[in-house]
Amino acid sequence: MNLILLGAPGAGKGTQAEVICDRLSIPAISTGNIIREALRNETELGLKAKKFIDEGALVPDEVVIGIIQERLKEDDCKNGFILDGFPRTVPQAEALDKMGVNIDRVIDIEVADEKICARLSGRRVCKSCSASYHTMYKPSKDGVTCDKCGGELICRKDDHPDTVLERLKVYHEQTEPLISFYKSRGKLVVVEGQEEVEDTTRLTLKAIEE
Ligand code: AMP
């Protein structure tokens, strides 16, 4: 199954992508994680992307389209994949069409902006493996290190309040049009993000199993 997870930054796409990945044994592909890894490794891509990420802006379409095009050629995508954070603009969605990628379902996780702001301020990510936690909703066992790899948990620079507001603005302007793009193609399923992660997960799994 080829899936897209749509939703504002902080709507919980990453967490739901991990759950679906376990359930369906297909890879979760996060353009955000790929770009952050490139930043850490100071690759050419990382250097190109840095100023956009720091400002809460989107990395240019041709850069992320190139990343996805290469990633989808890998063997582990043969039986399907979950795209988390791609596409984020209409030209990116059109690029998937041009690549001949058939999308089975698009799950749009909807969460109000005020909740997003509160959530992102408590988000922590593992510096080593990028696993995502939250100080209130999904704390790691000891609150400071990653349950999976023992890495240090940090607050992402782009989760700071001013950058979050900019990212939400960018989301409404550039990514939200994808909701009608996929709705008109009959691919869209809306999942209302719940207070408890487990409740959102239940709805997401229902959306892929129906
Ligand atoms: P995320 O972790 O998905 O919120 O992504 C973090 C940042 O990476 C975003 O704020 C963008 O700067 C960049 N990014 C990730 N995915 C995309 C995309 N599909 N198009 C453009 N920029 C992206």
Side-chain angles (χ1 to χ4, degrees), residues 3-59 63-72 74-77 80-88 92 107 109 111 116 119-160 163-164 166-168 170-171 175 193 197 200-201 204:
L3 297 169
I4 289 174
L5 283 176
L6 209 59
K13 298 188 296 294
T15 305
Q16 297 308 319
E18 282 175 29
V19 171
I20 303 173
C21 166
D22 285 347
R23 179 66 65 106
L24 300 182
S25 299
I26 52 176
I29 300 168
S30 154
T31 37
N33 283 349
I34 294 173
I35 295 169
R36 274 185 293 277
E37 196 185 332
L39 269 175
R40 274 197 299 275
N41 296 330
E42 298 182 352
T43 64
E44 200 185 326
L45 163 65
L47 296 174
K48 259 191 216 161
K50 186 172 180 351
K51 82 172 164 73
F52 298 102
I53 293 215
D54 286 352
E55 287 168 5
L58 293 184
V59 171
V63 176
V64 275
I65 290 168
I67 294 175
I68 285 296
Q69 201 159 16
E70 287 310 304
R71 182 63 186 86
L72 293 182
E74 288 181 34
D75 264 3
D76 62 342
C77 294
F81 51 80
I82 310 144
L83 295 180
D84 160 17
F86 185 98
R88 254 174 157 107
Q92 291 178 21
I107 299 169
I109 304 178
V111 176
I116 298 257
R119 278 186 187 187
L120 289 186
S121 63
R123 178 154 81 173
R124 297 293 177 270
V125 289
C126 173
K127 208 173 164 181
S128 308
C129 77
S130 302
S132 189
Y133 297 89
H134 193 281
T135 48
M136 270 176 68
Y137 307 114
K138 192 190 167 196
S140 76
K141 288 198 183 90
D142 67 6
V144 284
T145 57
C146 176
D147 292 346
K148 293 182 183 159
C149 76
E152 182 192 352
L153 299 189
I154 54 162
C155 178
R156 276 166 43 177
K157 202 169 168 190
D158 59 347
D159 281 347
H160 289 271
T163 318
V164 167
E166 180 58 27
R167 288 167 69 202
L168 281 172
V170 167
Y171 169 75
T175 308
V197 176
T200 308
T201 298
T204 304

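Heavy atoms only: backbone and side chains are in, while hydrogens, waters and symmetry mates are out. Here, residue 1 is the first one in the sequence, and each next residue gets the next number.
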**Q** Sequence neighbours excluded, which residues qualify as side chain to side chain donor-acceptor pair (under 3.5 Å) partners of Thr175?
**A**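 Expected list: none.
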
**Q** Among side-chain atoms of Glu152 and Thr145, is any donor-acceptor pair under 3.5 angstrom?
**A**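 No - no donor-acceptor pair under 3.5 Å links their side chains.
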
**Q** Taking only residues two or more places apart in sequence or in another chain, which ones pass side chain to side chain donor-acceptor pair (under 3.5 Å) with Ser30?
**A**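 Checked Ser30 against side chain to side chain donor-acceptor pair (under 3.5 Å); zero matches.
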
**Q** Going by salt bridge (charged side-chain N to carboxylate O under 4.0 Å, His left out), name the residues that satisfy it together with Arg36, two or more places apart in sequence or in a different chain.
**A**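 Counting only residues at least two positions away or on another chain, Arg36 forms no salt bridge (charged side-chain N to carboxylate O under 4.0 Å, His left out).
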
**Q** Can you sort out the partners of Glu74 under salt bridge (charged side-chain N to carboxylate O under 4.0 Å, His left out), two or more places apart, ordered by chain and number?
**A**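 Salt bridge (charged side-chain N to carboxylate O under 4.0 Å, His left out) check on Glu74 returns Arg71.
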
**Q** Test: side chain to side chain donor-acceptor pair (under 3.5 Å). Region: residues 38-53. Which pairs qualify, not counting sequence neighbours?
**A**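 Of all non-adjacent pairs touching residues 38-53, those that pass side chain to side chain donor-acceptor pair (under 3.5 Å) are Lys50-Asp54.
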
**Q** Side chains of Glu55 and Thr163: does their closest heavy-atom pair fall under 4.5 Å?
**A**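 Answer no - side chains too far apart.
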
**Q** Do Asp158 and Pro9 have side chains that get closer than 4.5 Å, going by heavy atoms?
**A**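 No; the side chains remain at least 4.5 Å from each other.
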
**Q** Who are the side chain to side chain donor-acceptor pair (under 3.5 Å) partners of Asp159, not counting sequence neighbours?
**A**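 Result, side chain to side chain donor-acceptor pair (under 3.5 Å) vs Asp159: Arg123, Arg167.
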
**Q** Could you tell me which residues satisfy side-chain contact (heavy atoms from CB on, under 4.5 Å) with Asp75, sequence neighbours excluded, listed by chain and number?
**A**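 Scan of Asp75 (side-chain contact (heavy atoms from CB on, under 4.5 Å), adjacent residues dropped) gives Lys78.
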
**Q** Can you sort out the partners of Thr31 under side chain to side chain donor-acceptor pair (under 3.5 Å), two or more places apart, ordered by chain and number?
**A**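 If we apply the side chain to side chain donor-acceptor pair (under 3.5 Å) test to Thr31, skipping adjacent residues, there are no hits.
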
**Q** Below 4.5 Å, heavy atoms only, C-beta onward: do Ile35 and Val63 meet side chain to side chain?
**A**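 Sidechains of Val63 and Ile35: no contact.
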
**Q** Between side-chain atoms of residues 19-28 and protein atoms elsewhere (two or more places apart, or another chain), which donor-acceptor pairs fall under 3.5 Å?
**A**
from, atom 1, to, atom 2, distance (Å)
Arg23, NH1, Glu209, OE2, 2.9

**Q** Taking only residues two or more places apart in sequence, or in another chain, which ones meet Gln92 in a side-chain contact (heavy atoms from CB on, under 4.5 Å)?
**A**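 For Gln92 the side-chain contact (heavy atoms from CB on, under 4.5 Å) partners, ignoring immediate neighbours, are Asp61, Val64, Ile65, Phe86, Pro87, Arg88, Thr89.
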
**Q** Judged by atom type as modelled, is there a donor-acceptor pair below 3.5 Å linking the side chain of Ser140 to the main-chain atoms of Cys146?
**A**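 Answer holds: no.
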
**Q** Taking all atoms of both residues into account, what is the closest heavy-atom pair of Ile109 and Gly12, and its distance?
**A**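 For Ile109 versus Gly12, the nearest heavy atoms are CD1-O, 4.2 Å.
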
**Q** Extract all donor-acceptor atom pairs below 3.5 Å that involve side chains of residues 126-137 and protein atoms in other chains or at least two apart in sequence.
**A**
from, atom 1, to, atom 2, distance (Å)
Tyr133, OH, Asp147, N, 2.9
His134, ND1, Met136, N, 2.9
His134, ND1, Tyr137, N, 3.2
His134, NE2, Arg119, O, 2.7
Thr135, OG1, Gly122, O, 3.4

